[in-house]
Amino acid sequence: MTGKEGASDIPVGELTPLEAASELQALAKEIARHDKAYYQKDAPLISDAEYDALRRRNDAIEAAFPNLVRKDSPSHRLGAAPATGFAKVTHARPMLSLNNAFADDEVVEFVARVRRFLGLAEDQAVALVCEPKIDGLSISLRYERGKFVLGATRGDGTSGEDVTANLKTLNDIPETLKRAPKVLEVRGEVYMTRKDFAALNRSQQAAGEKVFANPRNAAAGSLRQKNPLVTATRPLRFFAYAWGEISEPVADTQWRFLERLRHWGFLTNPLGKLFERVEDCLAAYRDLEARRAKLDYDIDGMVYKVNRLDWQRRLGQVSRAPRWAIAHKFAAEKAMTRLAAIELQVGRTGTLTPVAHLEPVTVGGVVVSRATLHNEDYVVEKDIRVGDTVVVQRAGDVIPQVLEVVKKKRPKGAAPFRFPKTCPCPLKTRVVRKEGEAATRCTGELACPYQQVERLFHFASRDAFDIEGLGEANIQLFFDNSLIKQPADIFKLKTKPQEVTKVVAEWHRLQSAARQAAKGRSETAGAKRKKGEEYKSVGNLFAAIDDRRRIPLNRFIYALGIRQVGEATARLLARVYGTLDAWQGAMKAAAKERAKYPDATRPNEVGEAYAELCNVESIGMSMADDICRFFSESHNIKVIRALEAELTVEGFAAPVSSSAVAGKTVVFTGALEQMTREEAKAMAERLGAKVSGSVSKKTDLVVAGPGAGSKLKDAEKHGVRVIDEAGWLALVGGR
DNA sequence: GAGCCTCGAGTTCC
DNA sequence: CTCGAGGCTC
């Protein structure tokens, strides 16, 4: 790469705004790259003179097109990297979430389950630590050799954002710990008291700054400040209650762990208690509920944790929640409002979802105006009618849901809701509800314009191609203007810059016109859009699209939007088949086989490729059939072919592992004692083995634990080698 | 065949 | 976050 990349030779005076915008973008990227190389890696890629030329070119264009100056413009900073967002950090141990209980008997059942799992007698006590559940933000603090080195938000539980600098400004977070293990991660909740929250909002308002909706939002906003000096002025507090990675055990019970935390200088919640009987826990819960309003911080329930850590270890976790803890939530705040209308939305798979339009009402601190009604059964069962007064709450304090109808307030003549027979799309396609299924689907499939837009939106969405700037509104816009009809068209957009710019400009004009109409004539001048804005966003969009011309196979598969193939299954398929060509070939073959034997009820009766697909663990005939259906549609084959012309799809490198199981197909059966099935599977895959769910003649190895049944017999039948867990561990070289 | 678990698909508001 | 459904185990 040359240093000149990003700079063109066109004299500044002859640049069109569009060219200028895209060049500024390229320059920003290029200069940032050199800054990083120079300042962070101490390894400049180009000479100082070349670097200066880039900066001068940037400054000249900015001088000629002041409207196009970018937020991330190199002229806004002097060398040092800009503070654009926070670095992502992966947690050494995932930050788990908690299962919820809403009623007393669910808590009783929780304890019973713990007893059953551990094989304890009825009369054996299960001591529980009870603590209020603080309504704040979970964070993780990493200490190495007693020094605070890294603080991160919870994020999705696996990885969060590095907010170390901001956390260092909190008084409640010690900078150093005495007599701490070499590595210690302390977890807890950052929160703001109600009093501090009110004071902060008063000063925000006085300064004409943003006012926060509630203490939690204020705490979150304060912690995500780019400038730690701002965070320092915010009254954030911290309660510690758990741990992540820890290099040596420091306690044998939850309760003593909390004591250790206090010795290190952390604050733990003063209302925490230790009980041996569930009844005491429930009494403490009711006591807490009664005191809730008087506390100076928001809480949303009580958390119960099994006290003994050896039991916690044995209980382990399911999915992302531990079996040894549960959150007993307070009843969610409810509100009544009128249901004005029921709209039908069409999802990308054609599912028709009824959505309630509500007269806006405040529930739990936010204004709610829409709520999902899920499906026909839900509406019928609750007998929800347009015009009804309904009770609304926010499930888990987030998603609004319609709980029930206040029948007494039903207006006369309100008719029962009739699920429509046709899709709301212009084609008015007939809809069907399959026997035994809850969903009603539009049969328009590929032709339905609503579904087409949804599929395109899915294609560009975060977990698929992740194209910034191509959200639902833009997709709709480009679709309506025939600029994008199928996924590959996205990558051809930049061959029609004028048309794209025109469409976007027109949209902006309509938007501001609508805004003006809504606001009256109060802001005639302010609503006028700066010249050049739309050019800028178009340039950004093209760059964002170009960024995705290389794409990992798993994302590619997911983006196609095959029914039942979500993120997890896409990853699995990518890993098993390795390359786009291999996968495509196999799927086409399977589809052909299936077309020949549409009535077969067992994979083997269909064909080899189909059976191999079904043999992948967690893929059964239902999923295989949906994949085959996708590949038997010539339109879909064309969509993929068109994409191939635009993209590089990165396969999964064949595992070049020298391990004894590389390339082998392994089946696990029966109970495993030293590791979970998930761990075993992950280990096998890491070592290059394929993990399958059933034994066939293609299986190389069966790992059988106690209680193995039919698969063991299958192994004998096919003459497959069988080993136990210890044998497996020996084979792959321990843990 | 029941029960557990995971995944997919749909949704809200900031 | 919730619901429904598919797949796996026993």
Side-chain angles (χ1 to χ4, degrees), chain A residues 97-100 102 113 117 210-214 216-218 220-221 224 316-321 323 329 332 343-358 360-378 381 392-403 434 436-441 451 454-455 457-458 461 463 472 558 561-572 603 614-626 667-672 676-678 681 691-694 704-712:
Chain A
S97 52
L98 293 175
N99 286 323
N100 292 328
F102 293 94
R113 211 165 43 230
F117 195 96
K210 182 190 151 110
V211 172
F212 296 102
N214 53 51
R216 189 193 21 195
N217 285 359
R224 296 192 80 259
Q317 66 190 65
V318 179
S319 180
R320 280 185 285 279
R323 281 203 197 84
K329 295 284 204 69
E343 176 204 18
L344 279 144
Q345 282 184 202
V346 185
R348 81 180 152 84
T349 62
T351 317
L352 295 183
T353 308
V355 175
H357 285 218
L358 307 165
V361 62
T362 304
V363 198
V366 300
V367 178
V368 166
S369 59
R370 298 158 64 89
T372 178
L373 298 175
H374 299 294
N375 52 47
E376 186 176 6
D377 287 350
Y378 190 90
E381 194 186 305
V392 179
Q393 74 168 19
R394 297 205 300 148
D397 278 336
V398 185
I399 313 280
Q401 64 188 184
V402 173
L403 283 182
K434 272 209 199 122
E437 284 190 2
T440 307
R441 288 200 165 86
Q451 285 185 55
E454 290 297 320
R455 275 196 297 270
F457 175 59
H458 169 79
S461 69
D463 297 326
E472 186 116 46
Y558 174 67
I562 302 169
R563 202 183 288 176
Q564 293 206 74
V565 179
E567 265 195 286
T569 310
R571 217 176 302 132
L572 192 69
C614 291
N615 206 25
V616 176
E617 174 146 41
S618 83
I619 294 184
M621 287 186 73
S622 168
M623 282 189 185
D625 284 348
D626 276 329
V667 174
F668 291 94
T669 182
L672 299 170
T676 66
R677 190 165 277 268
E678 214 24 63
K681 217 173 124 182
V691 177
S692 171
S694 60
S710 60
K711 287 186 192 171
L712 212 50

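Chain naming here is simple, since letters A, B, ... match the order of the sequence lines and numbering starts at 1 in each.
Shown here are the side chain to side chain contact (heavy atoms under 4.5 Å, CB included) partners of A:Q451, two or more places apart in sequence or in another chain: A:V346, A:C442, A:C448, A:R455. A:E343 meets the side chain to side chain contact (heavy atoms under 4.5 Å, CB included) test with A:Q345, A:V355, A:H357, A:R370; sequence neighbours excluded. Listed by chain and number, the residues in a side chain to side chain contact (heavy atoms under 4.5 Å, CB included) with A:V565 are A:I557, A:I562, A:T569, A:A570, A:L573, A:I627 (sequence neighbours excluded). In this structure, the side chain to side chain donor-acceptor pair (under 3.5 Å) partners of A:Q564, at least two apart in sequence or on a different chain, are A:S622, A:D626.
Looking at heavy-atom distances under 4.0 Å, A:R455 makes no contact with the nucleic acid at all.
Checking B:dA9, B:dT11, C:dG6 against every side-chain atom of A:T351, the shortest atom distance belongs to B:dA9. Considering only side-chain atoms of A:E437, the nucleotide from C:dA5, B:dA9, B:dT11 that sits closest is C:dA5. Residue A:V368 has its side chain nearest to B:dC13 when only B:dT11, C:dG7, B:dC13 are considered.
A:Q345 places its CD atom 11 Å from the C1' atom of B:dT12, with the value rounded to the nearest Å. In this structure, A:E472 atom CD and B:dG10 atom P are separated by 12 Å, rounded to whole Å. Spacing between atom CG of A:D463 and atom P of B:dG8 amounts to 11 Å, rounded to whole angstrom units. Summarising the geometry, the separation between CG on A:L358 and P on B:dT11 is reported as 15 Å, rounded to the nearest angstrom. A:L403 has its CG atom 16 Å from the P atom of C:dC1, to the nearest Å. Computed from coordinates, the A:N615 CG to C:dC8 P distance equals 9 Å when rounded to whole Å. With rounding to whole Å, A:Q564 atom CD is found 11 Å from C:dG4 atom C1'. When the C1' atom of C:dT2 is taken as reference, atom CD of A:Q393 falls 12 Å away, rounded to whole Å.
Contact annotation: A:S618 side-chain N/O to C:dG7 OP1/OP2 distance is not under 4.0 Å. Dashed line: the shortest gap from a side-chain N or O of A:R348 to OP1 or OP2 of B:dA9 is under 4.0 Å. A:T569 has a side-chain polar atom (N or O) that falls below the 4.0 Å cut-off from OP1 or OP2 of B:dG8. Listed pair A:T349 / B:dG10 meets the phosphate criterion, a side-chain N or O lying under 4.0 Å from OP1 or OP2.
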Q: Test A:E454 against A:H458 for side chain to side chain contact (heavy atoms under 4.5 Å, CB included), laying out the working first.
A: CA-CA 6 Å; A:E454 290 297 320; A:H458 169 79; over 6 Å; no
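Applying the salt bridge (Lys or Arg N to Asp or Glu O under 4.0 Å) definition to pairs two or more places apart or across chains, none involves residues 347-357 of chain A.
Counted by atom type alone, A:T349 and A:T351 present one or more donor-acceptor pairs between their side chains at under 3.5 Å.
Sequence order on DNA chain B of the closest nucleotides to A:R323 and A:M623 puts A:R323 first from the 5' end.
Residues of residues 369-378 of chain A that place a heavy atom closer than 4.0 Å to DNA chain B, in numerical order, are A:S369, A:R370, A:T372.
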